[in-house]
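Read the structure below first, then the notes.
Convention: sequence-line order gives letters A, B, ...; per-chain numbering from 1.
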Protein chains: 2
Amino acid sequence: MSKLSKRDHLVKTALELFNKHGFHAVGIDTIVQKAQVSKKTLYNHFHSKNELILATLRYYDETSRNFYVREVEKRSKAPAEQLLAIFDIAEEVFNGSSFYGCVIVKAIGEFSEIDEAIRRSCEESKRLLYEYIEALAKKSNAQEPESLAKEICLLLEGAIVMAQVSGDSQIAFIAKSMAKKCIDEQVGQTV
Amino acid sequence: MSKLSKRDHLVKTALELFNKHGFHAVGIDTIVQKAQVSKKTLYNHFHSKNELILATLRYYDETSRNFYVREVEKRSKAPAEQLLAIFDIAEEVFNGSSFYGCVIVKAIGEFSEIDEAIRRSCEESKRLLYEYIEALAKKSNAQEPESLAKEICLLLEGAIVMAQVSGDSQIAFIAKSMAKKCIDEQVGQTV
DNA sequence: TATTGGGTAGACAGAACTGTCTACCTTATG
DNA sequence: CATAAGGTAGACAGTTCTGTCTACCCAATA
C-alpha cells in the first residue's frame with residue numbers, strides 16, 4: 001500500500017521534472033529531494049535511473065492516453081466528432097501550466113541512439129495513440145482509415161511542436177480545422 | 001584562416017553529435033576527440049559548452065534554411081509549387097543518414113527551462129522559417145498568407161516528428177498532399 | 001637563426017551524478 | 001512488549017563532466 005504510493009509518487013514527481021527540464025538534466029538527488037523520499041527508497045523500487053525513466057514513460061503513456069479517451073467520450077458520441085474533439089482537448093493541455101511539449105518526443109530525442117528499451121517504449125506509445133485514432137477513423141466509416149489516422153496524428157504532433165515553440169495554444173484550432181477537412185473528405189460532411 | 005576552419009570544424013562535429021545523441025548526453029571530451037582538436041582550442045573559441053551549443057544552433061539554422069531555400073528555388077519558380085517542394089526536400093532529409101529529428105526542437109526540450117539564450121535562439125530559428133514560408137505564401141497570392149504559413153509550418157513540424165518516431169520518410173508526401181489542399185483553397189487550383 | 005603564435009596532449013581541480021551502504025527511526029502486528 | 005519490515009538521512013565510492021593550465025611542438029616570418 002504505502003509501497004505502491006511511494007513508487008507512484010516517485011514516478012509522478014520524476015515525470016514532472018523530466019517533462020520540464022529534460023531527462024539528462026534532472027539528477028536522482030533532485031528527484032528524491034522533490035519527492036521527499038530517500039535515495040534508498042528510490043533504488044529499492046528502481047534498479048537504475050533508466051528504469052525509473054521507463055516507468056515514467058509508461059505512466060505518462062497510460063494516464064495521458066486515458067485522459068484523452070475519457071475526455072473524447074465526454075465531449076461527443078459520434079466518432080467523426082470525437083476525432084475533432086482531440087484538438088479541443090489538446091488546446092486545453094497546451095494552455096495548462098505543465099505543458100512543455102511532448103515528453104515522448106523529448107525522450108526519443110535524448111535516448112533514441114543511447115537506450116534501446118527507452119526508444120522502443122516511445123515507439124510503442126506513439127503506436128498506441130495511432131491505433132486509438134485509427135479505431136475512431138474506422139468507426140466513423142472513413143474510406144481509408146489508416147490514411148486518415150496518419151493525417152490526424154501528423155496534425156496533432158505538429159500542433160504540439162508549434163504550441164511548445166510559440167507558446168500559442170490556439171494553434172490547436174488551426175489543426176482542428178485542417179483535421180475537419182481531412183475527415184469531411186473521407187466521411188462526407190458530418191459535423 | 002586555420003582559426004576559422006578549426007572553429008567551423010568544431011561546430012560541425014558538435015552538431016553531428018548533439019543531433020544524434022542530444023546535448024546533455026554529449027560531453028566536451030567526446031567532441032574534441034571526434035573533432036581531433038585539443039580541449040584548449042575548443043575553449044579558445046568558446047567560453048563554455050553552452051556557447052558552443054549556441055554557435056551550433058546558429059550554424060544549423062543558417063545552413064539548414066539556406067539549404068531549403070536553395071533547393072526550393074532549384075525545383076520550381078512558381079511560389080505555390082515552391083511551398084509544395086518543401087515537402088519533397090523534407091522527404092529527402094528524412095531519408096538521409098543524419099536525420100534524428102529536429103535539432104531545434106531537441107534543444108528546446110533540453111534547455112527551454114534552463115538556458116534563456118538557447119531558448120531564444122530556438123524561437124528565432126523557428127520564426128525565421130515561418131517568415132520564409134509566409135513570404136512564399138504572400139508571393140503565391142494566398143488570401144490569408146499568415147494563416148497558410150502557419151498551416152504549412154504545422155504540417156512540416158508534424159512530418160518531422162512522425163518521420164523521427166516511425167522512421168518512415170514517406171510521411172512527408174502525406175503532409176505534402178495536405179499542404180496542397182490548404183494551398184488550393186487559398187490560391188485556387190494552381191498546380 | 002631566433003622568435004612568436006597557435007596548435008597538441010593531457011594532467012588536474014572542482015563539481016555533479018549514479019548507485020551503495022550504514023545507522024537510525026517508525027509503525028504495524030504477533 | 002518485542003520484532004520485523006520498510007522507511008529516512010545522508011555519508012561515501014567511483015565515475016564523469018566542465019573548465020583551467022602547463023609543457024611541449026611546429027611552422028611562418030623578421
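Aromatic pair A:His24/A:Phe111: ring centres closer than 6.0 Å.
Near DNA chain D, meaning a heavy atom under 4.0 Å away, there are no residues from residues 12-33 of chain A.
Shown here are the salt bridge (Lys or Arg N to Asp or Glu O under 4.0 Å) partners of A:Lys34, two or more places apart in sequence or in another chain: A:Glu16.
For the pair A:His9 NE2 and D:dG7 P, the interatomic distance rounds to 13 Å; values are reported in whole Å. The NE2 atom of A:His47 sits 11 Å away from the P atom of C:dG19 (whole-angstrom rounding). For the pair A:His45 NE2 and C:dG19 C1', the computed distance is 16 Å after rounding to whole Å. The distance between atom CG of A:Asn50 and atom P of C:dT18, rounded to the nearest whole Å, is 10 Å. With rounding to whole Å, B:Leu52 atom CG is found 14 Å from D:dC17 atom C1'. Atoms OH (A:Tyr43) and P (C:dC17) sit 12 Å apart, rounded to a whole Å. As a whole-Å value, the separation of A:Lys39 NZ from D:dA11 P is 11 Å.
With hydrogens and angles left out, the side chain of B:Lys49 and the base of D:dG19 share no donor-acceptor pair within 3.5 Å.
The phosphate of C:dT8 has OP1 or OP2 within less than 4.0 Å of a side-chain N or O from B:Lys6.
Along DNA chain C, the nucleotide closest to A:Lys40 and the one closest to B:Thr41 are compared, and the more 5′ of them pairs with B:Thr41.
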